[in-house]
Visitor: 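Structure in structure tokens, see below.
All values below were derived from every heavy atom in this structure, side-chain atoms included, with hydrogens, water molecules and symmetry-related copies excluded. All residue numbers refer to positions in the sequence shown, counting from 1. As the structure lists them, so they are numbered: ligands from 1, and atoms in each ligand from 1.
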Amino acid sequence: MSAVLAPRPAAAADPLAAIRDLVRRELAPKVIDIDTKAEYPEAFLRALGRAGGFAGAVSPGHGGNGRGLVHTIGVMEEVAKTCLSTGFLVWCQTAVARYIELSDNDAAKRAYLPRLATGELLGGTGLSNTMKSSDEIEAYRLTAERVAGGYVVNGVLPWVSNLGPGHVFVTGCPVAGEDGLAFLVVECAAPDFKLVECAHFVALDGTRTLACHFKDTFIPEARVLAHPGASAAYLRRIKPGMILAQMGMGLGLVDACAEMMRQSNRTHAHVNAFLDDQADDVESALAAARDATYALAAALDADPSADVVLDVLKLRLAGGELALRAANAALLHMGAKGYLLRSPAQRRLREAYFIAIVTPATKHLRKEIARLEARGAHPAGAAA
Ligand SMILES: Cc1cc2nc3c(=O)[nH]c(=O)nc-3n(C[C@H](O)[C@H](O)[C@H](O)COP(=O)(O)OP(=O)(O)OC[C@H]3O[C@@H](n4cnc5c(N)ncnc54)[C@H](O)[C@@H]3O)c2cc1C
């Protein structure tokens with residue numbers, strides 16, 4: 001009797017294989033120009049969108065794949081392994097899509113989401129000032145006034161990335177005479193709105209980070225994601241996932257640093273062994289951070305307002321600290337070779353500081369964690 005062999009199930013397809021391939025072919029050769037010549041990787045971003053890299057942030061009904069933060073962070077991690085600047089742009093693009101997706105504004109969803117999902121439309125997020133002001137770190141830089149059919153906005157946001165003449169971004173600001181904030185989609189092409197070049201940065205200078213000048217800028221109802229009465233609940237929905245998603249930048253960068261340490265150990269293990277942080281230490285911290293990130297991402301994909309705010313803040317803080325530690329260790333392992341202008345080791349160190357200073361920065365996270373812990377860490381109201 002001949003044995004009947006059951007057909008072997010096909011190996012599960014790697015959902016990020018195409019992204020990884022695109023990064024290797026189209027992003028890796030550009031990294032030095034992005035870093036040293038402030039080149040904005042627009043062609044790569046458009047290609048990444050066409051390959052489905054932003055689709056996790058958008059529901060299938062609006063042209064996405066609905067795989068949520070788990071997918072978004074996975075893509076960001078792959079990109080940030082090669083270039084943190086571009087990893088941050090992936091965060092900007094997917095964050096703005098997620099803000100719109102989590103709003104109740106169907107007109108805005110129809111108008112923007114299908115094009116954001118494919119990278120046909122590029123966008124950013126101008127919520128640093130909103131978050132810092134609502135956490136009592138600085139004053140609001142924008143003010144809105146309610147008028148017939150929408151709002152009129154005035155003020156300046158100094159730094160918003162992934163912008164350009166045809167791009168969009170989301171911001172949130174107080175409304176005169178009302179309690180709460182208005183969350184709005186801004187079209188950079190609006191006639192009463194201006195993008196202005198700002199200072200140059202030591203890293204992430206290829207992120208098209210521009211100042212946004214509002215002068216009686218009219219935002220119609222169709223672009224309002226939340227009015228003041230609904231803004232606390234809306235911020236509570238978008239904020240934990242927006243902060244957690246930044247872990248994609250940290251995981252990718254730390255992975256690349258561990259790889260550099262391993263490479264250096266092929267020839268210099270006998271002396272690298274005397275350094276404080278070893279590749280095993282960085283890799284085990286990375287594995288723990290990765291597990292925690294994807295577990296929290298799954299929880300927030302199931303319920304964006306899940307009671308995990310304190311866990312997200314602590315993980316994000318640890319992610320920034322690990323990025324600095326890993327980049328420092330990678331440079332010490334690589335030595336003078338890592339100090340060369342074309343070496344990724346010195347670039348990674350400059351990039352790592354961005355993870356620690358972009359909102360919510362290390363000091364902001366520590367302030368919020370202390371506040372929540374002092375009041376008994378009741379996370380239900382924490383993100384508002
Ligand atoms: C490369 C880069 C990209 C960024 N992209 C975005 C983005 O996409 N969206 C977003 O909302 N925020 C963005 N930011 C802002 C960022 O998230 C932080 O809010 C910002 O770095 C300030 O945080 P901080 O904790 O240093 O602030 P603080 O320590 O509280 O203060 C920072 C100091 O910088 C000063 N400052 C503000 N603007 C300028 C300026 N134009 N020139 C000089 N000094 C200034 C402030 O007055 C203050 O004294 C970006 C910042 C950088 C460096």
Visitor: What are the polar N/O contacts of ligand 1 with the protein below 3.5 Å, with distances?
Guide:
unit_1	atom_1	unit_2	atom_2	d
ligand 1	5 (N)	S161	OG	2.7
ligand 1	8 (O)	S161	N	2.8
ligand 1	8 (O)	S161	OG	3.2
ligand 1	9 (N)	T125	O	2.7
ligand 1	9 (N)	W159	O	3.3
ligand 1	11 (O)	L127	N	3.4
ligand 1	11 (O)	S128	N	2.9
ligand 1	11 (O)	S128	OG	3.0
ligand 1	12 (N)	S128	OG	2.8
ligand 1	12 (N)	W159	O	3.0
ligand 1	17 (O)	S128	OG	2.7
ligand 1	17 (O)	T359	N	3.0
ligand 1	17 (O)	T359	OG1	3.1
ligand 1	19 (O)	T359	OG1	2.9
ligand 1	23 (O)	K132	NZ	3.0
ligand 1	27 (O)	K132	NZ	2.6
ligand 1	29 (O)	K363	NZ	2.6
ligand 1	30 (O)	K132	NZ	3.3

Visitor: Pairs in or reaching into residues 246-279: which pass ring-ring contact (aromatic ring centres under 6.0 Å, His included), with residues at least two apart or in two chains?
Guide: none
Visitor: Is the distance from the ring center of F193 to that of F169 below 6.0 Å?
Guide: yes
Visitor: Could you tell me if Q93 and H167 have a donor-acceptor pair between their side chains, going purely by distance under 3.5 Å?
Guide: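 Result is no, nothing qualifies.
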Visitor: Within the distance-only criterion (no hydrogens, no angle test), does the side chain of D192 pair as donor or acceptor with the backbone N or O of F218 below 3.5 angstrom?
Guide: yes
Visitor: With sequence neighbours excluded, what pairs up with F183 under the ring pair (Phe, Tyr, Trp, His ring centres under 6.0 Å) test?
Guide: Y234
Visitor: Can you list everything that forms a ring pair (Phe, Tyr, Trp, His ring centres under 6.0 Å) with Y294? Sequence neighbours excluded, please.
Guide: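 Not a single residue meets the ring pair (Phe, Tyr, Trp, His ring centres under 6.0 Å) criterion with Y294.
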